[in-house]
Amino acid sequence: MNDKKKKPQKLRARLPRGFVDRSAADIRAVDEMTDKIREVYERYGFDPVETPLFEYTDALGKFLPDADRPNEGVFSLQDDDEQWMSARYDLTAPLARHVAENFNDIQLPYRTYRAGYVFRNEKPGPGRFRQFMQFDADTVGAAGVQADAEMCMMMADTMEALGIKRGDYVIRVNNRKVLDGVLEAIGLGGEENAGRRVIVLRSLDKLDKFDWVDVAKLLGEGRKDESGDFTKGAGLQTDQISKIHNFIETAKKLNSGRDFRDDRAPLRKDDYLLTQTLDELRIIVEGSTAGREGLAELELIHALVSSAGYYSDRIKIDPSVIRGLEYYTGPVFEAELQFAVTNEKGEKVVFGSVGGGGRYDGLVSRFMGQPVPATGFSIGVSRLMTALKNLGKLGMEEVIAPVVVCVMDRDTESLGKYQQFTQQLRHAGIRAEMYQGNKKNFGDQLKYADRRGSPLAIIQGGDERAQGVVQIKDLIEGKRLSGEIEDNVAWREARVAQVSVPEADLVAKVREMLAAQAEDRARNG
């Protein structure tokens, strides 16, 4: 019998499906982007608030993103008193709970913004993650659609603050009441059809990904995807699907004409096209009070944004916009990017939606037993970051690697000196680190600094310490000279890449050398 103990199996490092690690460059890019978004939101008078990552599952309600997945599309667990909690799937449902819980202390209208991660228990795929960041703004307690119009204008201003020029984006606006009118017209009104209405809305929301043939399958019996997974459909009849198709094609007419703007003309081409399209839609939703109200609200939003100078090249009424979440009760909107990018298959495709939102008058009311109107907008931070990188609008700010203070001697006095130099640089606002590795070899430390991309290395051995000086090695200039100088004699004669200064002049000389490097970078593009 072999009594030799088996070696414990090495744990395999693996990232959970649908999740990603973020690099320093990505984190800095997101920070840069969210700072610009925050500035616009603050300018509009919105204040920050933060809610936790977890909510009690019943607080999230039935308004969940993917009813075909386990746990209704969310990640859930039970706490120590056996109550179910779920990771938030968006930032809107937690805000509704926060408002209801603090209603007596909140000044209405309540204008607030927040950024944070949300979690979806959905099937991951290319560009589809289970954790991603959103940046939301909401107005709670404002019943008029002027609040929705303002939300659309703020989104347009945000796109431009991020460097996306007009013509590269558009804010598209529809109204859920119009869609409700269409569904009533085909016999899907009433509470008994609520579940089927959600399936229809989610199916139509996929029109930016699927062609009509596939969407029609989702409206009918269902659709099987490339992997063989089957999604059950809404079970509509052929004539019902045909009427929905007629609505979609009519709604698309607003996108068929060229965007038009002429400050001298009170009646613009797009105004005429809007009036014509809405008249046709009134026939489709005839008999539906909700449908008529929705169309009237769209006209009012168009009038409000136009009067403020936001024409259809920025904010466009588009009845084909569908938002898949059930809690929307009025205007819905999407921020869509118009430029083409290359996808993972090497194909040129229009980038598409980077955010959306709408009116959700019933979400806070679930907790209150009284009407509490609300509207909001959510930006998909990760997706928008990808778009801005494609435009060359993000990650352009220089991040200089830290100056490395080399460790030549390891006695207490020497280490104290190295730490002193490091702190002096840091207190002067210069990124710096004292070498913390195990390598005692000076050459290995310089290799570390080179791989780190460090601009300078600070060197002080016993001789320099006795003289009260430090050596500053210009690693950028040294790398350049190593390609230009061919023999050791010339190298020793040049020595421009390394200077000796008194300890007291360390900070000033480092600043001077970093400024010279910055000038070189600017000169060389």
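Here the structure is a predicted model, which means the values were calculated and not measured.
- Salt-bridge annotation for R38 and E42: absent, with no side-chain N of the basic residue lying under 4.0 Å from a carboxylate O of the acidic one.
- Between K224 and D229, no side-chain nitrogen of the basic residue sits less than 4.0 Å from a carboxylate oxygen of the acidic one, so the salt-bridge criterion is not met.
- For the residue pair D138 / T112, no side-chain donor-acceptor distance below 3.5 Å is found, with atom types taken as modelled.
- We find the CZ-NZ distance between R202 and K206 to be 8.0 Å, quoted to the nearest 0.5 Å.
- Salt-bridge formation is detected for the pair K389/D26: a Lys NZ or Arg NE/NH1/NH2 atom is positioned less than 4.0 Å from an Asp or Glu carboxylate oxygen.
- R383 places a side-chain N or O within 3.5 Å of a backbone atom of F351 that can act as its donor or acceptor partner.
- If you look at Y41 and F135, their ring centroids are closer than 6.0 Å.
- Using a 4.0 Å cut-off between charged side-chain N and carboxylate O, R172 and E334 make no salt bridge.
- For the atom pair OH (Y56) and CE (M85), the distance works out to 6.5 Å, reported to the nearest 0.5 Å.
- Not one N or O on the side chain of S242 forms a donor-acceptor pair closer than 3.5 Å with the backbone of T238.
- A 4.5 Å side-chain heavy-atom check between L388 and I164 finds at least one atom pair inside the cut-off.
- Sparse packing is recorded around CD of Q107, with 12 or fewer heavy atoms of other residues, nucleotides or ligands lying under 6.0 Å away.
- Closest approach of Y360 to V140, counting heavy atoms only: OH-CG2, 4.4 Å.
- With sequence neighbours left out, R22 forms a side-chain hydrogen bond (donor to acceptor under 3.5 Å, both in side chains) with Y117.
- Classification of R28 and E32 as a salt-bridged pair fails, no side-chain N sitting under 4.0 Å from a carboxylate O.
- By the 4.0 Å N-to-carboxylate-O rule, D157 lies close enough to R314 to be salt-bridged with it.
- Put simply, the side chain of D79 gets close to the backbone of Q83: a donor and an acceptor are under 3.5 Å apart.
- In this view, Q237 satisfies the side-chain hydrogen bond (donor to acceptor under 3.5 Å, both in side chains) rule with no residue, not counting sequence neighbours.
- The list of ring pair (Phe, Tyr, Trp, His ring centres under 6.0 Å) pairs with a residue in residues 178-218, not counting sequence neighbours, reads W212-H245.
- Surrounding CD of E50 are at most 12 heavy atoms belonging to other residues, nucleotides or ligands under 6.0 Å away.
- Ion pairing between a basic and an acidic side chain is recognised when a charged N comes within 4.0 Å of a carboxylate O; D313 and R166 show no such pairing.
- R197 places a side-chain N or O within donor-acceptor distance of the main-chain N or O of G190, the cut-off being under 3.5 Å.
- The closest donor-acceptor contact from the side chain of R176 to the backbone of P331 lies at 3.5 Å or more, if one exists at all.
- A salt bridge links R282 to E299: at least one charged side-chain nitrogen sits closer than 4.0 Å to a carboxylate oxygen.
- Counting only distance, with no hydrogens or angles, the side chain of T231 and the backbone of G222 share no donor-acceptor pair below 3.5 Å.
- Between N175 and V332 the shortest side-chain heavy-atom distance does not fall below 4.5 Å.
- Applying the ring pair (Phe, Tyr, Trp, His ring centres under 6.0 Å) test to pairs two or more places apart or on separate chains, none has a residue in residues 164-188.
- Atom CZ in F377 sits 13.5 Å away from atom CD in E150 (nearest 0.5 Å).
- Not a single donor-acceptor pair under 3.5 Å links the side chain of N121 to the backbone N or O of G73.
- Look at E336 and K316 and you find no salt bridge, because none of the NZ, NE, NH1 or NH2 atoms lies under 4.0 Å from a carboxylate O.
- A cation-pi arrangement is present between R111 and F46 under the rule of less than 6.0 angstrom and at most 45 degrees off the ring axis.
- No donor-acceptor distance shorter than 3.5 angstrom exists from the side chain of R359 to the backbone of T375, with no hydrogens or angles considered.
- A salt bridge does not link E122 with R130: every distance from a Lys NZ or Arg NE/NH1/NH2 to an Asp or Glu carboxylate oxygen is 4.0 Å or more.
- A distance-only check finds no donor-acceptor pair linking the side chain of R120 to the backbone of V74 [under 3.5 Å].
- Counting only N and O atoms by type, the side chains of D90 and Y327 include a donor and acceptor under 3.5 Å apart.
- E221 is linked by a side-chain hydrogen bond (donor to acceptor under 3.5 Å, both in side chains) to nothing, counting only residues two or more places apart in sequence or in another chain.
- Counting only heavy atoms from C-beta outward, the side chains of F333 and D148 approach each other to under 4.5 Å.
- Residues satisfying the side-chain hydrogen bond (donor to acceptor under 3.5 Å, both in side chains) test with E286, not counting sequence neighbours, are none.
- With respect to the salt-bridge test (charged N to carboxylate O, under 4.0 angstrom), the residues K177 and E297 qualify.
- Side-chain atoms of D31 never come within 3.5 Å of backbone atoms of T34 as a donor-acceptor pair (strictly under, hydrogens ignored).
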